[in-house]
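Here is the structure we will look at, set down as structure tokens.
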There are 2 protein chains.
Amino acid sequence: MISRPRIPRPTAKRLNLYLRECEELLAVGHSKASSQMLADALGLTAAQIRKDLTHLSVLGQPGVGYSLLELSQTLRETIGLTRSWRAVIVGVGNIGRAVLSYAPFRSENFAIVAAFDTNTEIVGKSWSGRVVHPMHELKSVVKQLRAELGIVAVPADAAQDVVDQLVAAGVRGILNFAPRRVIVPEGMQITSVDFQVELRRLVFEVVLAGEDKVEGVVRG
Amino acid sequence: MISRPRIPRPTAKRLNLYLRECEELLAVGHSKASSQMLADALGLTAAQIRKDLTHLSVLGQPGVGYSLLELSQTLRETIGLTRSWRAVIVGVGNIGRAVLSYAPFRSENFAIVAAFDTNTEIVGKSWSGRVVHPMHELKSVVKQLRAELGIVAVPADAAQDVVDQLVAAGVRGILNFAPRRVIVPEGMQITSVDFQVELRRLVFEVVLAGEDKVEGVVRG
DNA sequence: CTCTGTGAAGAATTTCACAGCG
DNA sequence: CGCTGTGAAATTCTTCACAGAG
């Protein structure tokens, strides 16, 4: 087995953006794209795109650019999207429902195979075709359906407890929507999407952009 | 007149995590925290925390640590959270509704002052206390309510058009939930939250972790 | 003691710039 | 030509390691 040279973290994060862009360009009928074209679309530099792509096994055609079909295919393989992934979701509140009915997931190799909640008014009902299980069934259902990913869409207070249960149930990665930092054991992957943090980041960007225009302002 | 030295981008992103952690620690009764304590909680190094905090005007107490009250206050000022921000949201579908009823926003200085949608079945009704306006009122309402932020929660196809309209209406920053790259003019701030990209990133992390059994810990 | 603040060192990442290919 | 692939340079970011404060 040939071990791929380590992909730098920043590159790994960008690969997904490249894939999204490739798929978009393919959808509108393009078949090739130069590094400059991708760079313009994504707000990066052409050199960076080329450097990033050297970590993959795609080669561009000098004078022409990259084959979008080949590039997107390689990206999907690299990222791990050529196999299917099963996820369970915990929390069927507002965010949980939005995720359950999120259209882009349906066309992917992602299947949300079960939903869980503590609310007895929700348990037993079905949302977007999935029956909501009570929490005590989490472990057995995860095992039985061989789910590998967990999606956490519960209030902040419950997040760590739910994460612990998912870890105990044997998932390999967690997508966390709860606005709280959670701790996972070594080897467990977690990606957090915190609306509040993102909104605050945006505000900070706006503030910083405002300072740049007004030179020499005192702060703090 | 002292101008604050530029805050490195990675530091700027982390400040929000520091703030979240400070508020959490305050909520559970702590009043001080050492850089090591924060580092452990956030999966970073103590040196990095201290270095980051030198960009602020807080001083830690040698032998003790940082005052959480002072630190959180300074962070809030730096980020721009000591003033209030008005936002409008476009798109009252699943994600839009989740955002409209997102509890953590309510306790903040964020006010979503108006909602917009193209769906005539939704327009005129109210969601979480906000009447849904038709799109053609966007500009006038943004102006009238002096909204500075726009939240985009529409399908991918409509994203760029909506962003253009928000820019034309005069917002200063945009939080984009649509799973598509959008282009904004120089000076306009945009932060994107793409569930699909995040899920794919998680999958990639799981795949990479499977290849080399090193990695993991805390994020988010 | 413990813990901060910080220059200096080290590592990682980005950009440059150009040879070489179609 | 136009565009890739890539060493080398430049830059940015992180970690080290230790003086100094309480």
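Chain letters run A, B, ... following the sequence lines, proteins first, then strands; residues in each count from 1. On a predicted model such as this, the values are computed, not experimentally measured, just so you know.
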If you count the non-hydrogen atoms of other residues, nucleotides and ligands that lie under 6.0 Å from CZ in A:R83, is the total more than 12?
yes
Quickly work out the A:I49 CD1 to D:dC3 P distance and round it to whole Å.
14 Å
Expressed in angstrom and rounded to an integer, what is the separation of A:L15 atom CG from C:dT13 atom P?
13 Å
A:R14: what forms a salt bridge (charged side-chain N to carboxylate O under 4.0 Å, His left out) with it, not counting sequence neighbours?
A:D52
Quickly work out the B:I7 CD1 to D:dT14 C1' distance and round it to whole Å.
17 Å
The answer to which of A:T11 and B:V58 contacts DNA chain C further toward the 5' end, by nearest nucleotide, is B:V58
Sort me out a list of protein N/O and nucleotides 9-13 of chain D N/O pairs below 3.5 Å, or just none if empty.
none

Using residues 168-179 of chain B as the side-chain source, report each donor-acceptor pair under 3.5 Å to any protein atom, sequence neighbours left out, with the distance given to one decimal.
residue	atom	partner	partner atom	Å
B:N176	OD1	B:A178	N	2.9
B:N176	ND2	B:A178	O	3.3
B:N176	ND2	B:R180	O	3.4
B:N176	ND2	B:S192	OG	3.3

Please name all residues satisfying side-chain hydrogen bond (donor to acceptor under 3.5 Å, both in side chains) with B:T191, sequence neighbours left out, ordered by chain then number.
none
Within the pair A:Y66 and D:dG2, is there a side-chain N or O less than 4.0 Å away from OP1 or OP2?
no
If I take atom CG in residue A:L56 and atom C1' in nucleotide D:dT6, what distance separates them, rounded to the nearest angstrom?
16 Å
Would you mind classifying the nucleic acid contact of B:L59 as base, sugar-phosphate or nothing, using non-hydrogen atoms under 4.0 angstrom?
sugar-phosphate
Taking NZ from A:K13 and P from C:dA12, how many angstroms apart are they, rounded to a whole number?
17 Å
Which residues satisfy the side chain to side chain contact (heavy atoms under 4.5 Å, CB included) test with B:Q160, sequence neighbours excluded?
B:V163, B:D164, B:V182, B:I183
List for me each residue that meets side chain to side chain contact (heavy atoms under 4.5 Å, CB included) alongside B:S35, sequence neighbours excluded, and say none if there are none.
B:A46, B:I49, B:R50, B:Y66
Sequence neighbours left out, what pairs pass salt bridge (Lys or Arg N to Asp or Glu O under 4.0 Å) with at least one residue falling in residues 187-199 of chain B?
A:R20-B:D194, B:E198-B:R201
Produce the list of close N/O pairs, under 3.5 Å, pairing protein atoms with atoms of nucleotides 16-22 of chain C; give distances to one decimal.
residue	atom	partner	partner atom	Å
C:dA17	N6	A:R50	NH2	3.4

Do the non-hydrogen side-chain atoms of B:L75 and B:C22 ever get within less than 4.5 Å of each other?
yes
Is the phosphate of D:dG5, meaning OP1 or OP2, less than 4.0 Å from a side-chain N or O of A:T54?
no
Considering only residues two or more places apart or on different chains, which pairs with a residue in residues 94-105 of chain A satisfy side-chain hydrogen bond (donor to acceptor under 3.5 Å, both in side chains)?
A:N94-B:S101, A:S101-B:N94
How many Å lie between NZ on B:K32 and C1' on C:dT4, as a whole number?
13 Å
Separation of C:dT13 P from A:L44 CG (nearest whole Å)
15 Å
